[in-house]
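To start, the structure under review is shown below, and the notes come after it.
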Amino acid sequence: MVDNQLVQLPSSSERLLAFVALCCRAAVPRGLIAGTLWPDAPECRAHASLRSALSRLHDTGRRALEVGPGEVGLARHVSVDLHQGKQLAHRILHGSAESAWQASADTIEELSLDLLPGWYDDWATLRAEDWRQLRIHALERLAEIFMAAGRYADAVAAAHAAIRADALRESSQSCLIRAHLAEGNPSEAMRDFDRYARRLHSELGLSPTRHLRRLVPGAMNRGREPVTGTPALSQRLPPWPTGNHQ
């Protein structure tokens, strides 16, 4: 984005710009860029591909980079949404609860964004997973802070955002269920518990831990009684395992 306008770049140039942007403010050696973006090409061809990608950036893309004979870095005036999002996440995780109380719906939205969706290069997926883990932890912490402040709607929204990032993560489900209970909505808590239990069993063959079941009134006995309500919840829950998954 330049002045809030989307700039179209050739695929190779787009990958180059994204890779350099994800390397914080450090200038990146040309050899590292070439070897990472074109790992299957011979060294000389990888460097030629890098030169081609740089030349195809045109004026707008070139202004985003500082290109030297041996390194390529991000220009000082360029900001990267990911770095701002990480700073926000760390403020929530390590800052005071009082300062986090000022968080808004925009905060939740910023922590809900995936990094480079649809990109499957190893360097991109590794960084995307790092960001996913960080933002889930921040969203769960935000849900806890909102609950403590009595902002239950915001707590539910933050927990839902964490669940969208990982639907099988029990700590996020726990945040959601506790937010419903704190607001005085046990039926909502039970519905979300049932939905999570079915998906966990369907995809992994597991059941919720005893800790999560203890949160929901009557959940310790789920599996012995039919679940009523919507058609999706009308079948009997799978029996709880008797092994070590507690």
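- Note that CG of Leu181 is 9.5 Å distant from CE of Met190, once rounded to the nearest 0.5 Å.
- The two residues Ile108 and Ala158 have their closest heavy-atom pair at CD1-N, 3.8 Å.
- Within the 4.5 Å cutoff, no side-chain heavy atoms of Ile163 are placed close to those of Arg169.
- Scanning all heavy atoms of the two residues, the minimum distance from Ala182 to Tyr152 falls at CB-CE2, 3.5 Å.
- Remark: Arg76 CZ to Glu66 CD distance equals 4.5 Å, nearest 0.5 Å.
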Working for side-chain contact (heavy atoms from CB on, under 4.5 Å), residues Asp81 and Leu113: CA-CA 10 Å; Asp81 290 350; Leu113 300 175; over 6 Å; no
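- Arg132 CZ: more than 12 foreign heavy atoms inside a 6.0 Å radius.
- Met147 and Ile177 fall into different hydrophobic clusters, where Ile, Leu, Val, Met, Phe, Trp and Tyr side chains are chained together by heavy-atom contacts under 4.5 Å.
- In this structure, Tyr196 and Leu212 have side chains that are in contact, with non-hydrogen atoms separated by less than 4.5 Å.
- Both Leu32 and Leu50 are part of a single hydrophobic cluster, where members link through side-chain heavy atoms under 4.5 Å apart.
- Judged by distance alone, the side chains of Ser202 and Arg198 never bring a donor and an acceptor atom under 3.5 Å apart.
- Between the side chain of Gln173 and the main chain of Ala167, a donor-acceptor pair closer than 3.5 Å is present.
- Electrostatic pairing of Arg135 and Asp166 does not count as a salt bridge here, judged by no charged N lying under 4.0 Å from a carboxylate O.
- Tested against Phe19 for a ring pair (Phe, Tyr, Trp, His ring centres under 6.0 Å), the candidates Trp123, Trp119, Trp38 yield a single pass: Trp123.
- At a threshold of 4.5 Å between side-chain heavy atoms, the hydrophobic network of Ile, Leu, Val, Met, Phe, Trp and Tyr places Val80 and Leu126 in two separate groups.
- Contact of the Val216 side chain with the Asp192 side chain is not registered, since no non-hydrogen atoms from C-beta on lie closer than 4.5 Å.
- Across Leu134 and Ala89, no two heavy atoms sit closer than the pair CG-CB, 3.8 Å.
- A 6.0 Å sphere centred on NE2 of His47 holds more than 12 heavy atoms belonging to other residues, nucleotides or ligands.
- Interatomic distance, CG of Leu22 versus CG of Leu115, reported as 5.5 Å (0.5 Å rounding).
- Contact annotation: the side chain of His180 approaches that of Val156 to within less than 4.5 Å [non-hydrogen atoms, C-beta and beyond].
- The two residues Cys23 and Arg127 make their nearest non-hydrogen contact at SG-NH2, 4.2 Å.
- Aromatic ring pairs are classed by plane angle as parallel below 30°, tilted from 30° to 60° and perpendicular above 60°; the pair His94 and His90 is parallel.
- Between Leu168 and Leu200 the shortest side-chain heavy-atom distance falls below 4.5 Å.
- Under a 3.5 Å cut-off, the side chain of Glu140 and the backbone N or O of Ser172 do form a donor-acceptor pair.
- The shortest side-chain heavy-atom distance between Leu215 and Ser174 falls under the 4.5 Å cut-off.
- For Arg56 (side chain) and Ser12 (main-chain N/O), no donor-acceptor pair under 3.5 Å exists by modelled atom type.
- Around atom CD of Glu109, no more than 12 heavy atoms belonging to other residues, nucleotides or ligands sit under 6.0 Å away.
- The minimum heavy-atom distance between Cys175 and Ala143, with the atom names listed, is CB-CB, 4.2 Å.
- If you chain together hydrophobic residues whose side chains sit under 4.5 Å apart, Leu139 and Phe146 fall into the same group.
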After noting the C-alpha distance and the side-chain angles of Arg191 and Asp194, does the key distance pass the salt bridge (charged side-chain N to carboxylate O under 4.0 Å, His left out) rule? CA-CA 5 Å; Arg191 275 195 290 269; Asp194 284 342; over 6 Å; no
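- Leu111 is listed as a side-chain neighbour of Trp131, based on a closest heavy-atom distance under 4.5 Å.
- When all heavy atoms are compared, the tightest approach of Ile145 to Ile92 is CD1-O, 4.4 Å.
- Residue Glu43 qualifies as open at atom CD: its count of foreign heavy atoms under 6.0 Å is 12 or below.
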Evaluation steps, side-chain contact (heavy atoms from CB on, under 4.5 Å), between Leu54 and Arg62: CA-CA 8 Å; Leu54 285 168; Arg62 292 278 294 197; 3.9 Å; yes
Quick one: do Thr36 and Val28 satisfy side-chain contact (heavy atoms from CB on, under 4.5 Å)? Show the steps, please. CA-CA 11 Å; Thr36 302; Val28 188; over 6 Å; no
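- The existence of a salt bridge linking Arg141 and Glu144 is excluded, since no basic side-chain nitrogen approaches an acidic carboxylate oxygen closer than 4.0 Å.
- Side-chain atoms of Leu16 and Leu57, non-hydrogen and from C-beta on, do get closer than 4.5 Å to each other.
- Between the Thr125 side chain and the Asp122 main chain, a donor and an acceptor come within less than 3.5 Å of each other.
- If you chain together hydrophobic residues whose side chains sit under 4.5 Å apart, Ile136 and Leu88 never meet in one group.
- Taken from CD in Gln84 to OG in Ser79, the straight-line distance is 5.0 Å, to the nearest 0.5 Å.
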